[in-house]
Trainee: 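Let me begin by handing over the structure; questions about it come next.
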Amino acid sequence: MRQSHLFTKTRKEAPADETSISAKLLIRAGFVFKEQAGVYSMLPLGVLVQNKIVAIVRQAMNAIGGQEVAMTSLQDPELWKTTDRWDDAKVDNWFKTKLKNDTEIGLAFTHEEALTRIMRNYVGSYRDLPKFVYQFQTKFRNELRAKSGLLRGREFLMKDLYSFTKDTADLEAFYERAAAAYTQIYATVGLGEVTHRTFASGGVFSKFSDEFQVVCDSGEDTIYLSSKGGMAVNKEVYTDDILAELGLQKSDMREVRAIEVGNIFKLGTKYSAPLGLTYTDEHGTAKPVVMGSYGIGVGRLLATIIEVHADDHGMIWPAAVAPFPVHLVRLGDDPKVSAAADNLVAALAKRGIEVLDDDREMSPGQKFTDSDLIGIPTRVVVSAKTLAAKKLEVKDRATGAVEMMTTPQLLKRLKA
Ligand code: ATP
Ligand code: MG
């Protein structure tokens with residue numbers, strides 16, 4: 001992609017009301033546009049990153065047997081009354097609106113009810129189970145505080161998966177597979193070392209859930225990390241009883257701030273029972289399906305990657321989610337430089353390596369500042385100087401190390 005074609009531009013200042021590092025940088029670099037508090041549009045560079053995260057999550061969900069659907073945002077109140085989740089006194093973050101005829105309609109903040117009703121049409125016997133269904137979908141939540149950019153949106157992209165099993169043994173087996181898939185996803189996007197599976201409240205079946213928390217000073221949550229084995233406990237459930245149950249010792253626990261990037265729940269029959277999602281077992285007895293739900297905030301994850309991977313100059317994208325693997329910076333208007341840069345782009349394209357190609361007429365200083373802000377992992381400079389040296393100038397955004405190398409050496413490095 002030629003940078004001169006990109007309609008977005010970088011800017012020096014972020015909106016004064018943004019406090020989070022990720023929101024400031026994503027806005028300044030032109031990845032997102034702030035519509036209003038908690039409401040962000042994704043711009044071309046943001047979409048590229050979001051698509052990479054979605055692809056990583058999708059692959060992991062397919063690998064554990066997930067089937068992808070795309071449900072609607074508009075929700076029928078009658079469905080939600082069945083489970084007593086329509087009343088604003090019970091659920092305080094609904095966005096509700098009205099049809100022309102004055103009947104109410106809701107914008108989904110989650111999809112247990114909707115999917116359970118769909119599954120009722122297809123699950124009849126134990127032979128139809130287990131099933132695992134997921135989607136990537138915009139969720140609407142009327143959050144009280146929306147001050148942390150994409151970390152807490154009022155409209156945001158979530159991956160939500162729901163498991164339908166015949167009993168708790170099957171639920172628990174799948175739950176562990178989902179947890180392992182989550183751990184792998186966070187590692188792939190560059191958060192492996194800072195993400196902890198965290199014992200938390202909120203489950204229905206067991207009263208507890210597992211959160212995936214990224215240790216980060218800007219996080220809203222407080223968790224306690226064990227120095228032994230990496231276990232973590234959310235402050236909400238940090239009691240002597242729970243610690244004893246988990247075999248943890250208070251003296252080994254360290255308090256840290258963290259961002260919740262995922263949450264998995266054992267729902268049991270909370271939704272299947274009121275909504276009548278049952279199956280007949282081997283003996284012909286009707287039983288409610290046992291469910292679980294598994295969420296990842298895609299927008300929050302994208303912002304969290306930047307909360308963790310940034311410096312004073314800008315963002316530092318991990319390779320797996322970077323908008324492009326290579327940022328080519330052309331310097332000067334020498335036709336030989338242009339020809340060499342074009343050749344490099346072609347050589348990379350031949351190997352499927354996409355490039356953000358800074359072909360703009362701008363000072364080297366401005367180009368370098370923009371490159372650091374955008375945070376593509378590898379920056380390659382082609383200039384009169386590099387041509388004279390018959391090499392490319394290659395900078396590693398993460399370490400700041402600059403090296404002169406040939407095109408074959410660059411290709412080898414990008415392959416690694
Ligand atoms: P939180 O405790 O942060 O309010 P939650 O427990 O209500 O979130 P879930 O309903 O479990 O969240 O949603 C699954 C995932 O969606 C969360 O783990 C989080 O990563 C993401 N998420 C939840 N609320 C938001 C939001 N307002 N903006 C962005 N992502 C969100
Ligand atoms: Mg939560």
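All heavy atoms count here, side chains included; hydrogens, waters and symmetry mates do not. Ligands are counted one by one from 1 in listed order, and the atoms in each one are counted from 1 as well.
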Trainee: Can you confirm if the aromatic rings of F174 and F132 lie within a centre distance of less than 6.0 Å?
Mentor: yes

Trainee: How far apart are the closest heavy atoms of M253 and V233, and which atoms are they?
Mentor: CE-CG2, 4.0 Å

Trainee: Which ligand 1 atoms are under 4.0 Å away from a heavy-atom of E143?
Mentor: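 In order of numbering, the contacting atoms are 24 (N), 26 (C), 27 (N).
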
Trainee: Please check if the number of heavy atoms outside Q59 that lie under 6.0 Å from its CD is greater than 12.
Mentor: no

Trainee: Is there a donor in the side chain of D160 and an acceptor in the side chain of Y162, or the other way round, less than 3.5 Å apart?
Mentor: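 Result is yes, a qualifying pair exists.
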
Trainee: In terms of side-chain geometry, is the basic nitrogen of K98 or E104 positioned less than 4.0 Å from the acidic oxygen of its partner?
Mentor: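 No.
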
Trainee: Could you tell me the residue and atom name of the protein heavy atom closest to atom 26 (C) of ligand 1, and the distance to it rounded to 0.1 Å?
Mentor: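 Closest protein heavy atom to atom 26 (C) of ligand 1: F156 CE2, 3.3 Å.
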
Trainee: Can you name the atoms of ligand 1, numbered from 1 with element, that are less than 4.0 Å from a heavy atom of G297?
Mentor: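 Here the atoms of ligand 1 in question are 15 (C), 16 (O), 20 (O), 21 (C).
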
Trainee: What do you reckon, are the aromatic ring centroids of F324 and W317 less than 6.0 Å apart?
Mentor: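 Between F324 and W317, the centre distance exceeds or equals 6.0 Å.
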
Trainee: At under 4.0 Å between heavy atoms, which part of R152 makes contact with ligand 1: side chain, backbone, both or neither?
Mentor: both

Trainee: For ligand 1, which atoms sit closer than 4.0 Å to a heavy atom of N263?
Mentor: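 Counting atoms of ligand 1 from 1, those under 4.0 Å from N263 are 6 (O), 11 (O), 18 (O).
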
Trainee: Suppose you place the vertex at the Mg ion (ligand 2); what is the angle out to N263 OD1 and E260 OE1, to 10°?
Mentor: 110°

Trainee: Any cation-pi pair here, R141 with F95, using under 6.0 Å and within 45°?
Mentor: no

Trainee: Check whether the side chains of E112 and Y271 place a donor and an acceptor atom closer than 3.5 Å, and report yes or no.
Mentor: no

Trainee: Using a 4.0 Å heavy-atom threshold (strictly under), name the region of M158 that reaches ligand 1: side chain, backbone, both or neither.
Mentor: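 The answer is the side chain.
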
Trainee: Work out whether the distance between some heavy atom of T110 and some atom of ligand 1 is less than 4.0 Å.
Mentor: no

Trainee: Are F140 and F109 an aromatic pair, judged by ring center distance below 6.0 Å?
Mentor: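 So the answer is no for these two rings.
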
Trainee: Would the Y238 and Y224 ring centres measure less than 6.0 Å apart?
Mentor: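 Aromatic pair counts; centres sit under 6.0 Å.
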
Trainee: Between F208 and F199, does the ring centroid distance fall short of 6.0 Å?
Mentor: yes

Trainee: Is it the side chain, the backbone, both or neither of V261 that has a heavy atom closer than 4.0 Å to ligand 1?
Mentor: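 Answer for V261: backbone.
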
Trainee: Does L151 come within less than 4.0 angstrom of ligand 1, counting non-hydrogen atoms of the residue?
Mentor: yes

Trainee: With a 4.0 Å heavy-atom cut-off (strictly under), which part of D160 contacts ligand 1: side chain, backbone, both or neither?
Mentor: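 The answer is neither; D160 stays 4.0 Å or more away.
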
Trainee: Mind checking whether L150 has an N or O less than 3.5 Å away from an N or O of ligand 1?
Mentor: no

Trainee: Enumerate the atoms of ligand 1 whose separation from the nearest heavy atom of F265 is less than 4.0 angstrom.
Mentor: 11 (O)

Trainee: Going by the order shown, which atoms of ligand 1 are within less than 4.0 Å of some heavy atom of G153?
Mentor: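 Listed by number with element: 26 (C), 27 (N), 28 (N), 29 (C).
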
Trainee: Heavy-atom contact under 4.0 Å between G262 and ligand 1?
Mentor: yes

Trainee: Do me a favour and list the nearest non-hydrogen protein atom to atom 8 (O) of ligand 1 with residue, atom name and distance?
Mentor: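 Result: E260 OE2, 3.8 Å.
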
Trainee: Looking at atom 7 (O) of ligand 1, what's its closest protein heavy atom, distance included?
Mentor: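 Checked against all protein heavy atoms, atom 7 (O) of ligand 1 sits closest to R141 NH1, 3.0 Å.
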
